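Following: one structure in structure tokens, then a few remarks.
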Amino acid sequence: MCIICLLTADDDLLLGEDLALGLEAKQSSWARRYAYVSQNGMDGVTNSLVETQRGQNPYWTVQLPKEEKIKGVVFINRVDCCGPGEKGEIIPLRCSHPLTGKKVEVLLKGNGILSFAEIKIIAAEDADTEEFVDKAFKKNLKPDDFYAVLEKDVKPSADGYTTEQISSLSRDTTDDKGVDGSIHTYAHTKKQLDPWWIVDLTKNYKVKKIKVLSRTSKAGGGQNFKMVTALVGPDKENMKECGSFKGPAKRSQFITFNCKEPVNGKFVKLQSKGINSLSFAELQVYAIH
């Protein structure tokens, strides 16, 4: 998952929340146990795969927490081989009209192997995601564009960006976990007064929107993301507010901070108020050229 998503002013393509991200799923069989498992289909990573054994009518299914109006499903085909389309192809499947339900099942009719990289379940009311699907029908998107449609590739933190936080709860919850591309690792501070997390983007961007994914784990969930303000600035001492969130967040929730107008800066900061812990899974920054 990238950290920065560059948007042109006339192509403001912002993605909405994936209903399935981080949930538990099931499938008819595993091609290789513990390798091609159900969870890989909605972990936010395109190089982990779902694959069943060859069989009659193989399936993959997920149960949503509550009934949703579903407008469609978007697949990313695996990038190495196989699957329902070209390597890495994004395949949007639109319902003829929104369907209400809690269970989503992918079924391959007949004898064969069901395999894909990622699936995104789209809510009918999600205007941002609806725009994404409309665009997906009109042009071929790259696999890396699934969670963010990029005008330019920007490498994640391990390849250049530096992060800091006021403290770390453990060696496994350091500041870099907030931009490492995994929804199953977390930046997490100790419980203290006004905890914060910050990233240096290395150069100035006109930041328009910041999205944060809360923790996806059952333990803790999003409860440690509350009373948070997003700040942007050219240095750490001169920062402007870009939205706030009272919370606490729910498990696997996308929290969006919308700037009233684009804010120029190379630092993005999440600042919690009061005596709290600050914890989240991933952060994305959306900027205008």
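Predicted model, so just to flag it, every value in this text is computed and none were measured.
Scanning both residues, Val104 and Leu64, for their nearest heavy atoms gives CG2-CD1, 4.5 Å. Contact detail for Asn40 and Leu49: the closest heavy-atom pair is ND2-O, 2.8 Å. Val232 and Val207 get closest at one heavy-atom pair: CG1-CG2, 3.9 Å. Between Leu201 and Val268, the shortest heavy-atom distance links the atoms CD1-CG2, 4.0 Å. The two atoms that bring Gln271 and Leu231 nearest to each other are CB-CD1, 4.2 Å, heavy atoms only. The two residues Ala187 and Gln165 come nearest to each other via the heavy atoms CB-OE1, 3.5 Å.
Here Thr189 contributes atom OG1 and Trp196 contributes atom CH2; the two are 10.0 Å apart, rounded to the nearest 0.5 Å. The line from CG of Leu114 to OG of Ser29 is 9.0 Å long, rounded to the nearest 0.5 Å. Here the straight-line distance linking atom CD1 of Ile255 with atom CG of Leu270 works out to 9.5 Å at 0.5 Å rounding. The structure places OG of Ser272 at 14.5 Å from CH2 of Trp197, a figure rounded to the nearest 0.5 Å. Annotation: the span from Lys206 atom NZ to Glu261 atom CD amounts to 11.0 Å, rounded to 0.5 Å. With rounding to the nearest 0.5 angstrom, the OG1 atom of Thr173 is 11.0 Å from the CG atom of Leu278.
At distances below 3.5 Å, not a single donor-acceptor pair connects side-chain atoms of Asn204 with backbone N or O atoms of Asn264. Looking at Gln53, its side chain does come within 3.5 Å of a backbone N or O of Trp30 through a donor-acceptor pair. Using modelled atom types, one side-chain atom of Ser28 and one backbone atom of Tyr59 make a donor-acceptor pair closer than 3.5 Å. In this structure, the side chain of Ser214 engages the main chain of Lys250 through a donor-acceptor pair within 3.5 Å. In this structure, the side chain of Asp200 does not engage the main chain of Phe267 through any donor-acceptor pair within 3.5 Å.
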Starting from the C-alpha separation in whole Å, work towards a yes-or-no answer on side chain to side chain contact (heavy atoms under 4.5 Å, CB included) for Arg54 and Asn111. CA-CA 7 Å; Arg54 181 174 294 278; Asn111 188 277; 3.4 Å; yes
Assess whether side chain to side chain contact (heavy atoms under 4.5 Å, CB included) is satisfied between Ile119 and Val106, documenting all intermediate values. CA-CA 10 Å; Ile119 184 172; Val106 180; 3.7 Å; yes
Give the intermediate values and the outcome of side chain to side chain contact (heavy atoms under 4.5 Å, CB included) for residues Thr61 and Gln27. CA-CA 6 Å; Thr61 184; Gln27 64 193 62; over 6 Å; no
Under the side chain to side chain contact (heavy atoms under 4.5 Å, CB included) rule, what do Gln63 and Lys102 come out as? Steps first, then yes or no, please. CA-CA 6 Å; Gln63 189 89 8; Lys102 291 180 65 175; 4.0 Å; yes
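By the neighbour-count criterion of 12 heavy atoms within 6.0 Å, atom CD1 of Ile275 is sparsely surrounded, having that number or fewer from other residues, nucleotides or ligands. When the shell of 6.0 Å around CD of Glu237 is examined, it contains 12 or fewer heavy atoms from other residues, nucleotides or ligands. The local environment of CD in Gln56 is crowded, with over 12 non-hydrogen atoms from other residues, nucleotides or ligands closer than 6.0 Å. Within 6.0 Å of the NZ atom in Lys190, the count of heavy atoms belonging to other residues, nucleotides or ligands does not exceed 12.
Screening Ser167, Ser279, Ser170, Ser168 for a side-chain hydrogen bond (donor to acceptor under 3.5 Å, both in side chains) involving His188 leaves a single residue, Ser279.
Below 30°, between 30° and 60°, or above 60°: for Phe225 and Phe280 the angle between ring planes is above 60°, a perpendicular geometry.
Phe257 and Ile198 are assigned to two separate hydrophobic clusters, defined by single-linkage of ILVMFWY side chains at heavy-atom distances under 4.5 Å. Under the 4.5 Å side-chain contact rule for hydrophobic residues, Phe245 and Met239 do not share a cluster.
Residues Arg78 and Ser115 bring a donor and an acceptor atom of their side chains to less than 3.5 Å of each other.
Judged by the 6.0 Å and 45° rule, Lys26 forms no cation-pi pair with Trp60.
Annotation: side chain of Leu107 is in contact with side chain of Asn57 (closest heavy-atom distance under 4.5 Å). Residues Leu283 and Ile210 form a side-chain contact, since some pair of their non-hydrogen atoms from C-beta on lies under 4.5 Å apart. Side-chain contact between Ser277 and Lys191 is present, with heavy atoms from C-beta onward closer than 4.5 Å. Residues Lys226 and Asn276 form a side-chain contact, since some pair of their non-hydrogen atoms from C-beta on lies under 4.5 Å apart.
Among pairs with a residue in residues 227-236, those fulfilling side-chain hydrogen bond (donor to acceptor under 3.5 Å, both in side chains) read Glu164-Lys236, Asp235-Asn238, at least two apart in sequence or across chains.
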